[in-house]
Amino acid sequence: MNDLAQFALIGAVAFGASILGGLAGYGTGLVLPIFLAPAVGVENVVPVMAVAMVFNNGSRVAAFRREIHWPHARRILLFGLPACVAGAWAYTLLEARWVALLLGGFFILSVPLRRLLVRAGWRLEARGVAVAGAGFGFVNGGVPGAGLLLISTLMAAGLAGPALIATDAVVSAIMGVAKIALFGSVARLDAGLALAGVLIGLCTVPGAFVARRLLALVSLKVHTVVMEIVVLAGGGGFLWRAFA
């Protein structure tokens, strides 16, 4: 597959994944890296995704802006934003093999983790939201697709529906800008990678508005099962790259 066809495929996947992410609040960052890694290299996945996800989350902010729950957003960002920068910096110290191992392990563990949090009926008060934000921020700094942790935190704090999607989006967008600044400052995000991230991010923008239309019509149960299969397969692919 030539470069043009490869990026056309990634753009199509980005659009579809952004619809899924707009419906569930997470998923775009889990699906896209699977297709992106062969094109940009495993070690460049997180910096490119940081740029793309700013567009993706920014479009969700625009689509659901009236539903943002600012008190919880501020609590998450209080400790989460500096922790995100620390996690992104830690990522820059890893070699490509360890990046693949980290991504693969995280993706595979994310499926049972999400199910455990749902079954546990996890509930958080305001102080717990701020503390959980620090953990999410650090993971989000170095791993794409950590949105399921943020979604679980916000759901445990009582958010649901459009308010959940909107609050997740604004937190993720702000953290994304911080990651871009860090990666740029340590020369892990050059002009070519940034351009790739912008083009992929632009492909995700319409998906947020499609998701807003579909949110009340589509069952999330089927979407979740399909997503889990894709994520497990992608995680296995990253582990294969780590040990190949």
Practice prompt. Decide yes or no on side-chain contact (heavy atoms from CB on, under 4.5 Å) for Leu239 and Ile108, but give the supporting numbers first.
Written response: CA-CA 10 Å; Leu239 291 180; Ile108 289 175; 3.5 Å; yes
Can you give each donor-acceptor pair under 3.5 Å made by side-chain atoms of residues 169-190, sequence neighbours left out, with the distance rounded to 0.1 Å?
{"unit_1": "Ser172", "atom_1": "OG", "unit_2": "Asp168", "atom_2": "O", "d": "2.9"}
{"unit_1": "Lys179", "atom_1": "NZ", "unit_2": "Asn140", "atom_2": "O", "d": "2.9"}
{"unit_1": "Ser185", "atom_1": "OG", "unit_2": "Ala181", "atom_2": "O", "d": "3.4"}
{"unit_1": "Ser185", "atom_1": "OG", "unit_2": "Leu182", "atom_2": "O", "d": "2.7"}
{"unit_1": "Arg188", "atom_1": "NH1", "unit_2": "Thr92", "atom_2": "O", "d": "3.0"}
{"unit_1": "Arg188", "atom_1": "NH2", "unit_2": "Glu43", "atom_2": "O", "d": "2.8"}
{"unit_1": "Asp190", "atom_1": "OD1", "unit_2": "Gly192", "atom_2": "N", "d": "3.2"}
{"unit_1": "Asp190", "atom_1": "OD1", "unit_2": "Leu193", "atom_2": "N", "d": "2.8"}

Do the side chains of [X] and [Y] join up, straight or via other hydrophobic residues, at under 4.5 Å, putting them in one cluster?
| X | Y | answer |
| --- | --- | --- |
| Leu199 | Val48 | no |
| Leu195 | Met49 | no |
| Phe136 | Leu78 | no |
| Ile200 | Leu9 | yes |
| Trp70 | Phe79 | no |

Distance from [X] atom [atom1] to [Y] atom [atom2], nearest 0.5 Å?
| X | Y | atom1 | atom2 | result |
| --- | --- | --- | --- | --- |
| Phe209 | Phe64 | CZ | CZ | 9.0 Å |
| Ile68 | Leu159 | CD1 | CG | 11.5 Å |
| Thr153 | Arg75 | OG1 | CZ | 13.0 Å |
| Leu164 | His72 | CG | NE2 | 10.5 Å |
| Asn57 | Thr28 | CG | OG1 | 7.5 Å |

Measure from the side-chain N and O atoms of [X] to the backbone N and O of [Y], and report whether any donor-acceptor pair falls under 3.5 Å.
| X | Y | value |
| --- | --- | --- |
| Thr204 | Phe15 | no |
| Arg65 | Ala62 | yes |
| Ser18 | Asn56 | no |

Discussion item. If the test is side chain to side chain contact (heavy atoms under 4.5 Å, CB included), which one of Val42, Val46, Val143 qualifies with Leu102?
Written reply: Val143
Discussion item. Are the side chains of Tyr91 and Pro47 in contact, using a 4.5 Å heavy-atom criterion?
Written reply: yes
